[in-house]
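So the structure is just underneath, and the comments pick up after that.
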Amino acid sequence: MGNSHSSAYLASTTCALVVSGVVWHKVCTSPPPWIKELDALGQPRKQKLAGAAVVCGGSIAGTVAARVLADHFEHVILVDPELEDIQKAKTRIMQYNAGHVLLKLFTDGARRLWSNFDNELRNAGGRFVCADFQTHYSGVSVPAPYWEYPDGGLPTTLAMRRSSSQKALYQLLMQHPAAANITVWPGTVRGMKISDNKACIESVVVRKLDGAQITVADVGLVIDCTGTTQAGMKWLENAGITLPADLRCSYRPNIRYSTICFSVSPELESKLPIPNSKRNTLAPYLYVEHFEYGLKAAVLLHTDNNTMQLMMSSSEDGNLPRSLSEIIPFLSTIGGHAPVPAWFVETLEMLCECCPEPSFDNIRIPDQSYVKYHSVPAGTLPSNFIAIGDSNLQLNPVHGQGFAKVMLNAITLNTLLHSVSSTLPRDFSIRYFKTNAARTEGMWDGTRMHDYAASTCEPMAGETRDTGRFARWFELKLLSAATKYADVASALWHIRHLVASERVLFAPMVLAKVLWTQSRF
Ligand SMILES: Cc1cc2nc3c(=O)[nH]c(=O)nc-3n(C[C@H](O)[C@H](O)[C@H](O)COP(=O)(O)OP(=O)(O)OC[C@H]3O[C@@H](n4cnc5c(N)ncnc54)[C@H](O)[C@@H]3O)c2cc1C
Ligand SMILES: *[C@@H]1O[C@H](CO)[C@@H](O)[C@H](O)[C@H]1NC(C)=O
Ligand SMILES: *[C@@H]1O[C@H](CO)[C@@H](O)[C@H](O)[C@H]1NC(C)=O
C-alpha cells in the first residue's frame with residue numbers, strides 16, 4: 001500500500017516535471033511577439049489618424065518609418081537635408097562606404113512593406129544568398145542551421161554597399177503607392193513646440209535648404225530618426241520638457257573599422273579558391289577574435305554589383321591596413337584557437353593582386369550610446385514623440401544589427417498604432433519605448449558586456465570592465481556548445497538574426513547543454 005502510494009506519488013511528480021518541462025520548453029521556443037506582429041506590417045488601417053506624421057531624418061530609420069506611417073496617417077512629411085538628390089553621396093553618414101549585411105529580420109520586414117523588395121534589390125545589383133556569415137570564433141566554426149531548412153535551404157538575405165542599399169530602399173519608398181501621401185522636404189528639423197500642458201507636440205520647425213524656416217502645424221506624430229545626432233533629446237529639452245540627467249548613457253569601445261572594396265569580375269570570382277559551400281553565402285569567412293585577446297574581426301562580404309568588401313576592425317592601436325601591401329600582414333596578426341584557413345589568405349592575395357585599385361575607408365567607431373527614453377517618469381514625454389534607429393540605441397556595428405533593429409522598432413510601432421482607434425492615448429510614447437526596450441535591451445547588454453573584455457574599452461559611467469563577467473563566462477560556454485550541438489547553434493543563429501528572443505537559450509535542453517559544456521575558449 002505504502003509502496004504503491006509512493007510510486008503513485010513518484011509517477012505524478014515525474015508527470016508534473018515532464019509537463020512543466022514541456023511547458024517550459026514551449027514558452028522558451030515559441031516565436032517572439034514581433035514575429036507574430038510581422039503579419040500586420042504593411043497593412044494600412046481603414047480610418048487614417050488625423051494630422052501629419054513628421055519623420056525627422058531620411059536615412060534607414062526614416063525610410064522604414066515613413067513607409068509604416070503612410071499606413072496610419074493621412075499625411076507623412078519626411079525631412080532630411082540630404083534628400084534633395086539621392087544619387088549624391090551622403091556626407092552625414094560616416095559608414096556610407098562600409099558594407100552592410102541585412103539580418104533576416106530586416107529582410108522579412110522589408111518584404112512585408114514592399115512586395116517587390118527582392119526584385120528591386122536585385123535590379124540595384126544585390127545578390128540574395130544564404131543568411132550565413134561562416135562565423136569563426138577565435139578560428140572555430142560556429143555553424144548556421146542548414147539542417148533545419150532542408151528544402152529551400154537557409155533563408156536568404158543580402159549584403160550590399162551601404163550606398164547601394166540606401167538608394168534602393170529610398171527608391172522602393174518613392175515607388176510605393178503610399179508615396180502619394182508622403183511629402184519629402186529637403187531640410188533640417190530645428191525643434192518643436194509642445195502644448196501648454198506639455199502633453200503633446202503641436203508643431204515642428206523645419207529649415208529648408210534655401211534657409212526658409214517653416215512651421216508644420218497640426219502634427220499627429222513626430223519620429224526622431226536622426227541617427228548619431230540623437231537630436232530628439234535636445235528638441236524635447238528646448239521645448240521645456242525636463243529629462244533625467246542620466247537619460248543618455250554611453251561607453252567608448254575605442255575601435256577602428258576599415259572597409260576595402262574590390263571590384264571582382266565574374267571570371268576572377270570563379271577562380272578564387274573559395275570552397276563551393278561558401279560561395280552562395282553572405283560571407284565566405286568571418287573571423288572574430290576571442291574577446292580576451294582583443295576586438296579584431298575580419299570578414300569578406302559578397303556585396304552588390306560584383307564587388308567584394310573586406311571589412312576589418314581592431315582596437316585603436318591595431319594598425320588596420322591602409323594600403324594593399326598591409327592587408328596580408330594584418331591578417332597574419334589574427335590568431336586564436338584555430339588558424340585562418342589557407343584558402344582565405346590565398347583569396348585575399350588574389351584579390352590584392354588582380355583587382356584594379358580597391359578603395360580604402362578607415363573610420364573611428366564613435367561611442368556606443370543608448371538614450372533611455374523608456375526610463376523617464378510616466379507623464380514626462382509628449383504622447384506623440386517616438387525615436388527609431390540609432391537616435392535611440394547605437395550599437396557596436398561589428399554585429400551588423402543596425403538595419404534589423406530599425407525593423408524591430410518599426411514592427412513595435414506599427415502594432416501599437418494598429419491598437420489605437422482614433423487619437424493617440426496620453427501614454428502612447430512611453431508605451432512604445434517600454435515595449436521596445438524589452439525587445440532591444442538584450443542587444444545593448446550583450447554587445448556592451450562583450451566589448452568590456454577588451455583592455456582598450458572605456459566602460460560607461462557606473463560600470464567597470466569587470467561588469468558582465470558572468471555574461472562573458474556564459475557567452476564562451478554558449479559559443480562552445482554551439483560548435484557541438486545543433487539545437488544550440490540554431491538558437492544562437494536565430495537570436496543573431498533577431499528572429500528569436502534570448503529566451504530560447506533558457507529552453508531546458510539548450511540551457512543544459514550550455515551549462516554542461518566546458519568552454520573550449
Ligand atoms: C562601420 C559601420 C558598419 C555597419 N555595418 C552594419 C551592417 O553590416 N548591418 C547593419 O544592419 N548595420 C550596420 N551598421 C549600423 C547602421 O549603419 C546604422 O544602424 C544605421 O545607419 C542607422 O540608421 P538611422 O537611420 O537610424 O541613422 P543614420 O543612418 O545615421 O541617419 C540619420 C539621418 O538623419 C539625418 N539628420 C540628422 N539630423 C537631422 C535633423 N536635425 N533634421 C533632419 N534630418 C537630420 C541625417 O542627414 C541622416 O540622413 C554599421 C555601422 C557602422 C558605423
Ligand atoms: C549595379 O547594377 C545595376 C544593375 O545592373 C545598375 O542599375 C546599378 O546602377 C549598379 N550600381 C552601381 C553602384 O554600380
Ligand atoms: C492619401 O490620402 C487621401 C486623403 O486622406 C486618401 O484618400 C488616399 O487614399 C491616400 N492615398 C494612399 C495611397 O494611401
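Read the numbers this way: they start at 1 and go in the same order the structure lists the ligands and their atoms.
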- prompt: With atoms numbered from 1 as shown, which atoms in ligand 2 lie under 4.0 angstrom from a non-hydrogen atom of Asn123?
  reply: 3 (C), 4 (C), 7 (O)

Based purely on interatomic distance, does [X] place a nitrogen or oxygen under 3.5 Å from a nitrogen or oxygen of ligand 1?
X	answer
Gly62	no
Pro81	no
Trp235	no
Val406	no
Asp390	yes
Gln95	yes
Cys56	no
Val189	yes
His100	yes
Ala98	no

query: Under a 4.0 Å N-O cut-off, is there an ion pair linking Asp390 with Lys405?
result: yes

message: Taking the basic N atoms (NZ, or NE/NH1/NH2) and the acidic carboxylate oxygens, is any pair closer than 4.0 Å for Arg127 and Glu269?
response: yes

So what's ligand 3 close to, N/O to N/O, under 3.5 Å?
residue, atom, partner, partner atom, Å
ligand 3, 2 (O), Asn181, OD1, 3.3
ligand 3, 2 (O), Asn181, ND2, 2.2
ligand 3, 11 (N), Asn181, ND2, 3.0

field: Ser163 and ligand 2 - part of the residue with a heavy-atom distance under 4.0 Å
entry: neither

Residue pair [X] / [Y], side-chain heavy-atom distance below 4.5 Å:
X	Y	answer
Pro253	Gln368	yes
Leu69	Leu417	yes
Pro32	Val504	no

Which residue and heavy atom of the protein sit nearest [atom], plus the separation:
atom	result
atom 28 (P) of ligand 1	Ser59 OG, 3.6 Å
atom 8 (O) of ligand 1	Val101 N, 2.9 Å
atom 51 (C) of ligand 1	Pro397 CB, 3.3 Å
atom 21 (O) of ligand 1	Arg162 NH1, 2.8 Å

field: Reference residue Val68; test side chain to side chain contact (heavy atoms under 4.5 Å, CB included); the match among Ile411, Val55, Asn414, Ile388
entry: Asn414

task: Compute the minimum heavy-atom distance from Lys167 to ligand 2 and say whether it is under 4.0 Å.
output: no

query: Under 4.0 angstrom from ligand 2, any heavy atom of Asp304?
result: no

statement: Filtering Asn392, Ile93, Val79, Thr226 for the heavy atom nearest atom 36 (N) of ligand 1 leaves Thr226

Which pairs would a plain distance check flag for residues 435-442, meaning a side-chain donor or acceptor within less than 3.5 Å of a matching protein atom at least two apart in sequence or in another chain?
residue, atom, partner, partner atom, Å
Thr435, OG1, Arg431, O, 2.7
Asn436, OD1, Asn409, ND2, 2.8
Asn436, ND2, Asn392, OD1, 3.3
Arg439, NH1, Glu37, OE1, 3.0
Arg439, NH1, Thr412, OG1, 3.1
Arg439, NH2, Glu37, OE1, 3.4
Arg439, NH2, Glu37, OE2, 2.8
Thr440, OG1, Asn436, O, 2.8
Glu441, OE2, His374, NE2, 3.3

